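Since the structure is predicted, the reported quantities are computational estimates derived from the model, not experimental observations. Chain letters run A, B, ... following the sequence lines, proteins first, then strands; residues in each count from 1.
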There are 2 protein chains.
Amino acid sequence: MFSQAEENYIKAIYALDTKANKGVSTNLIAEKMNTKASSVTDMLQKLADKRLVVYKKYQGAQLSIKGKKIATSVVRKHRLWETFLVNKLNFSWDEVHDIAEQLEHVKSETLIDKLDEFLDYPRVDPHGDPIPDKNGELLSIEKIVLATLKVNESGICVGVIDSSSDFLQFLDKQNIALGQKITVISKESFDDSITIKVGNRELSISQKIAHNLFIKTA
Amino acid sequence: MFSQAEENYIKAIYALDTKANKGVSTNLIAEKMNTKASSVTDMLQKLADKRLVVYKKYQGAQLSIKGKKIATSVVRKHRLWETFLVNKLNFSWDEVHDIAEQLEHVKSETLIDKLDEFLDYPRVDPHGDPIPDKNGELLSIEKIVLATLKVNESGICVGVIDSSSDFLQFLDKQNIALGQKITVISKESFDDSITIKVGNRELSISQKIAHNLFIKTA
DNA sequence: AATAATTTTTAGTCTTATCTAAAAAAATAT
DNA sequence: ATATTTTTTTAGATAAGACTAAAAATTATT
Ligand SMILES: [Mn+2]
Ligand SMILES: [Mn+2]
Ligand SMILES: [Mn+2]
Ligand SMILES: [Mn+2]
């Protein structure tokens, strides 16, 4: 069994590990986890001893097969709990992250299996992120960033990149939600803002926002 | 906020605190928590510093008002989660204790309020134990131990004292469950066993079992 | 290629929660 | 009233996980 601290580090490495065959840097992990680089080094050595991570001094960390299994299992728990909180307990999508951050560490295989069943095997969480199945597999829907859509193109909003409370509440205020059709009306080159149609409303959003929404095109 | 360790100690003291105005002894707490007496002394000193416990050397510990509030709030969480696990996730009553032992430490007022609502404000948990309300109040149903019933008397089974897996599974096997009517048919003085009628079956139970079942008489 | 800046690691501390062994106090027995 | 036994506390260690400050390695700049 692994400690909450270990699970959190592994999850962070999993989330930061983008480019293949390159270790995730100590500083990146430290920033993500709000700790100091020295603490990260300590933990990486411990995780390496346990073969959860491949780590060589000054070369960052990569998850081992075993480490990756733990990562997906924690992510699975996190996203299932978020789904529970929103779908069953009527939390809104901007309130659930911190609670799921705790619930994801509860130890019980059966619990998660039963929760999965209770929720009717959801494939995505309230933020549009895929939920790994029991074997760690997750379906990857092809989705693109809204900013890349051209004028007159449209698609369905299927996810957010930034899932901070602030951003999610902003989307609520603008009545932008997952599942909605979004059409690009025009693009302003002088400030990179975009005018979109959501439902029957037109609104103008900034470049930054357009870069934080995932769209699925037909 | 309090650590899991602190919450567990407080809960243990709460559970062991029976006779008024007498501190709970160090050894009793140690036994309940599977730790050593010296660890308990350490923690009692810490809890006393934080005014959660009234503690004088060699005189055991008593919860302060503040300590009692924490205790009932943790018990409330424990029992609500147990209820969730049994009523919503279809766990059986002998499987939920260890999971609730973890879930009870998740920090979020709102979470527990919403869970309470989702469960429709249950008053007792799957083992018949009362669930404290938001203010820490718990309804005390008058219930007596089955062993004290006289021949021909009857009542409804409303709780268990021992809630170990072993005992609960034994009850399942005998088809004894909460809510059932139990009538005492006869008592054997040579081994203190009792013959009872449950539903339409008669069965003989030992003294020990009769001392671990709560009955509510009309 | 040498120097400067940045990143990462090491060394040493701290806190929490545990333990063992020994000392002290309280309770029990003679 | 002593002596013995039991309970409780203290003293000293250990492990996990964090921190600061300093040293070492790497990367970037001239
Ligand atoms: Mn977490
Ligand atoms: Mn999410
Ligand atoms: Mn607990
Ligand atoms: Mn219970």
Side-chain angles (χ1 to χ4, degrees), chain A residues 1-13 16-19 21-63 67 70-71 74 101-102 104-107, chain B residues 1-13 16-19 21-63 67 70-71 74 101-102 104-107:
Chain A
M1 234 26 51
F2 306 98
S3 71
Q4 298 200 185
E6 288 169 329
E7 288 184 349
N8 284 336
Y9 274 97
I10 288 171
K11 196 161 63 108
I13 296 167
L16 294 170
D17 181 21
T18 46
K19 15 203 161 290
N21 238 27
K22 267 216 74 200
V24 179
S25 84
T26 304
N27 265 357
L28 248 189
I29 299 171
E31 192 184 359
K32 174 108 182 171
M33 304 206 44
N34 287 305
T35 53
K36 295 304 161 84
S38 56
S39 308
V40 174
T41 301
D42 272 2
M43 182 57 91
L44 290 183
Q45 287 167 345
K46 205 166 54 157
L47 293 177
D49 286 349
K50 296 195 181 184
R51 312 285 139 160
L52 302 178
V53 133
V54 179
Y55 164 72
K56 286 234 180 77
K57 270 190 193 183
Y58 297 101
Q59 313 211 170
Q62 276 185 293
L63 292 179
I70 295 166
V74 176
E101 205 59 43
Q102 301 176 64
E104 72 190 2
H105 302 293
V106 172
K107 259 79 181 170
Chain B
M1 233 27 50
F2 306 98
S3 72
Q4 297 201 184
E6 288 170 330
E7 288 184 349
N8 283 335
Y9 274 97
I10 288 171
K11 195 160 64 109
I13 296 167
L16 294 170
D17 181 20
T18 47
K19 12 201 164 294
N21 238 27
K22 267 216 73 201
V24 179
S25 83
T26 304
N27 265 357
L28 248 189
I29 299 170
E31 191 183 1
K32 174 107 181 172
M33 303 205 47
N34 287 307
T35 52
K36 295 304 161 86
S38 56
S39 307
V40 174
T41 300
D42 272 2
M43 182 56 92
L44 290 183
Q45 288 166 347
K46 204 167 55 158
L47 295 177
D49 287 348
K50 296 194 181 182
R51 311 287 138 157
L52 302 177
V53 133
V54 178
Y55 164 71
K56 286 235 179 76
K57 269 192 193 181
Y58 297 102
Q59 314 213 164
Q62 276 184 293
L63 292 178
I70 295 165
V74 176
E101 205 59 43
Q102 301 176 65
E104 72 190 4
H105 302 293
V106 171
K107 260 80 181 171

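Where Lys50(B) and Ser39(B) meet DNA chain C, the nucleotide closest to each residue was compared, and Lys50(B) sits on the side nearer the 5' end.
Separating the CE atom of Met43(B) from the C1' atom of dT16(C) is a distance of 8 Å, rounded to the nearest angstrom. The separation between Gln59(A) atom CD and dA25(D) atom C1' is 11 Å, rounded to whole Å. Rounding to whole angstrom units, CD of residue Glu6(A) and C1' of dA18(D) are separated by 14 Å. One atom, NZ of Lys57(B), and another, P of dA26(C), lie 10 Å apart when rounded to the nearest Å. Taking atom CD on Gln4(A) and atom C1' on dT16(C), their separation rounds to 15 Å, with Å as the unit. Distance CZ (Phe2(A)) to C1' (dA16(D)): 16 Å, rounded to an integer number of Å. Across the protein-nucleic acid pair, Ile29(B) atom CD1 and dT7(D) atom P stand 14 Å apart, rounded to whole Å. Residue Asp42(A) contributes atom CG, which lies 13 Å from atom P of dT20(D) at whole-angstrom precision.
Nearest nucleotide to the Ala37(B) side chain, out of dT10(C), dT9(D), dC19(C): dT9(D). Nearest to the side-chain atoms of Thr35(B) among the listed nucleotides dT8(D), dT8(C), dC19(C) stands dC19(C). Of the candidates dT9(C), dT10(D), dT20(D), the closest approach to any side-chain atom of Ser38(B) belongs to dT10(D).
Residues Phe2(B) and Leu52(B) meet the side-chain proximity criterion, which asks for heavy atoms closer than 4.5 Å. Counting heavy atoms from C-beta on, the side chains of Ile13(A) and Leu44(A) come closer than 4.5 Å. Annotation: side chain of Lys11(B) is in contact with side chain of Asn8(B) (closest heavy-atom distance under 4.5 Å). Using a 4.5 Å cut-off on side-chain heavy atoms (C-beta onward), His105(A) and His105(B) make no contact.
Under 4.0 angstrom from either OP1 or OP2 of dT20(D) there lies at least one side-chain N or O belonging to Lys36(A). Contact annotation: Thr41(B) side-chain N/O to dT9(D) OP1/OP2 distance is under 4.0 Å. Phosphate proximity of dT8(D) to Tyr55(B): absent, as no side-chain N or O sits under 4.0 Å from OP1 or OP2. In this model, the phosphate group of dA16(D) is not approached by any side-chain N or O of Tyr9(A) to a distance below 4.0 Å at OP1 or OP2. In this model, the phosphate group of dT10(D) is approached by a side-chain N or O of Gln45(B) to a distance below 4.0 Å at OP1 or OP2.
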Show the distances under 3.5 angstrom between N or O atoms of the protein and N or O atoms of nucleotides 4-7 of chain C.
none

Could you pull out all donor-acceptor pairs under 3.5 Å where a side-chain atom in residues 21-43 of chain B meets a protein atom, sequence neighbours excluded?
from, atom 1, to, atom 2, distance (Å)
Ser25(B), OG, Leu28(B), N, 3.2
Thr41(B), OG1, Ala37(B), O, 3.2

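The shortest heavy-atom contact between Ile10(A) and Gly67(A) is CG2-O, 3.5 Å.
Annotation: salt bridge (Lys or Arg N to Asp or Glu O under 4.0 Å) contacts of Lys56(A) (sequence neighbours excluded): none.
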